[in-house]
Amino acid sequence: MRATVLYGAGDVRIENVPDARLIEPTDALVAVSRACICGSDLWPYQLMKPGEPPRRMGHEAIGVVEAVGAEVRTLKVGDVVVMPFAFSDGACVFCQEGLHTSCIHGGFFGTVEVPGAQAEAVRVPLADGTLFVLPLGEDDALMASLLTLSDVMGTGHHAARAAKVGRGKTVAVIGDGAVGLCAVIAARRLGAEQIIMMGHHPDRIALAKEFGATDVVSERGEEAVERVRKLTGGFGVHSVLECVGTDQAMRTAISIPHYEAIPASEPAFYNNLTVGGGPAPVRAYMEELLPDVLEGRIEPGRVFDRVITFDQVPDGYRAMNAREAIKVMVKP
Ligand SMILES: [Zn+2]
């Protein structure tokens with residue numbers, strides 16, 4: 001089968017690899033009908049060092065179950081499923097608390113150890129706990145939005161939950177990438193009154209406004225902090241959703257909540273600030289977000305602005321890295 005292999009910084013290739021197959025009795029084999037390229041795929045694409053082992057990329061997918069192991073109970077051949085970016089047993093103490101990304105038997109797709117989903121097929125460990133069966137055929141028009149439940153929509157929602165976004169609250173979203181855009185959707189969905197998008201790509205900002213952003217701040221650093229204060233009567237916001245993951249973004253994030261920022265190391269203390277977050281347990285959020293997708297209340301699939309075939313995957317990485325595309329969907 002064909003699969004995406006990252007060999008080094010900037011060196012991603014489509015190659016013929018041995019067919020994915022069942023190994024453990026708890027595995028499922030999924031034929032991938034849609035995958036995507038993630039902002040986090042760009043980290044190794046930019047930074048992979050010579051000598052690091054090649055990686056089979058991809059951690060977001062929708063597909064059709066092709067085979068199941070002897071111990072798989074809840075899935076059958078032909079089921080259309082969403083694959084979250086992490087696999088999990090759905091049973092351990094962490095999974096029971098809804099923190100599937102900390103599953104004691106779990107792990108992540110697209111790593112050196114676990115081949116990823118930018119491929120014609122993917123082996124899914126702990127299939128019963130991992131895969132989420134969709135009540136739709138694989139060609140449904142909602143598939144783009146459903147595909148975002150495998151990562152970016154769940155991740156934006158996790159940012160909003162961690163930041164305690166709620167009805168009537170003021171929110172700043174740092175970053176206009178796919179996760180930031182989904183965070184705008186999540187903030188609006190949870191009832192935020194003012195949603196300030198902090199980003200500077202005109203096409204992405206336009207989409208953020210359609211998703212519910214009420215204000216836009218395109219400045220950077222100190223100027224951005226000042227603008228947010230101005231937009232909030234001098235106070236700052238209740239919640240900051242940091243959706244970039246850089247030092248600069250984090251500095252801005254802890255400078256714009258309520259009240260005057262204290263320089264140096266104590267803003268968190270004086271602002272009564274809570275810093276939280278982590279890998280989103282997207283598997284836990286699927287049930288909550290699914291009805292809103294199915295009934296058209298949210299349309300996170302609009303973050304996909306390019307659909308490519310397998311042969312175009314290397315160019316898809318290049319386009320996302322060059323910020324020519326917000327998010328790229330791969331249809332084998
Ligand atoms: Zn678990």
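Start at 1 and go down the list; that is how both ligands and their atoms are numbered. What you see below is based on every heavy atom in this structure, not just the backbone, and it leaves out hydrogens, waters and symmetry mates.
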Item to check | For the Zn ion (ligand 1): the N/O/S atom of D89 at shortest distance | outcome: OD1

Item to check | For V80, the option from L134, L146, L136 that meets side chain to side chain contact (heavy atoms under 4.5 Å, CB included) | outcome: L134

Item to check | Residue of the set R227, K209, K230, Q194 for which side chain to side chain donor-acceptor pair (under 3.5 Å) holds with D215 | outcome: Q194

Item to check | C103 near the Zn ion (ligand 1) via N/O/S, less than 2.8 Å | outcome: yes

Next on the checklist: Under 4.0 Å between a side-chain nitrogen and a carboxylate oxygen: does that hold for R123 and D27?
Outcome noted: yes

Checklist outcome for this item: With rounding to 10 degrees, C92 SG, the Zn ion (ligand 1) and C95 SG define an angle of 110°

Item to check | N-O pairing of E60 and K327 below 4.0 Å | outcome: yes

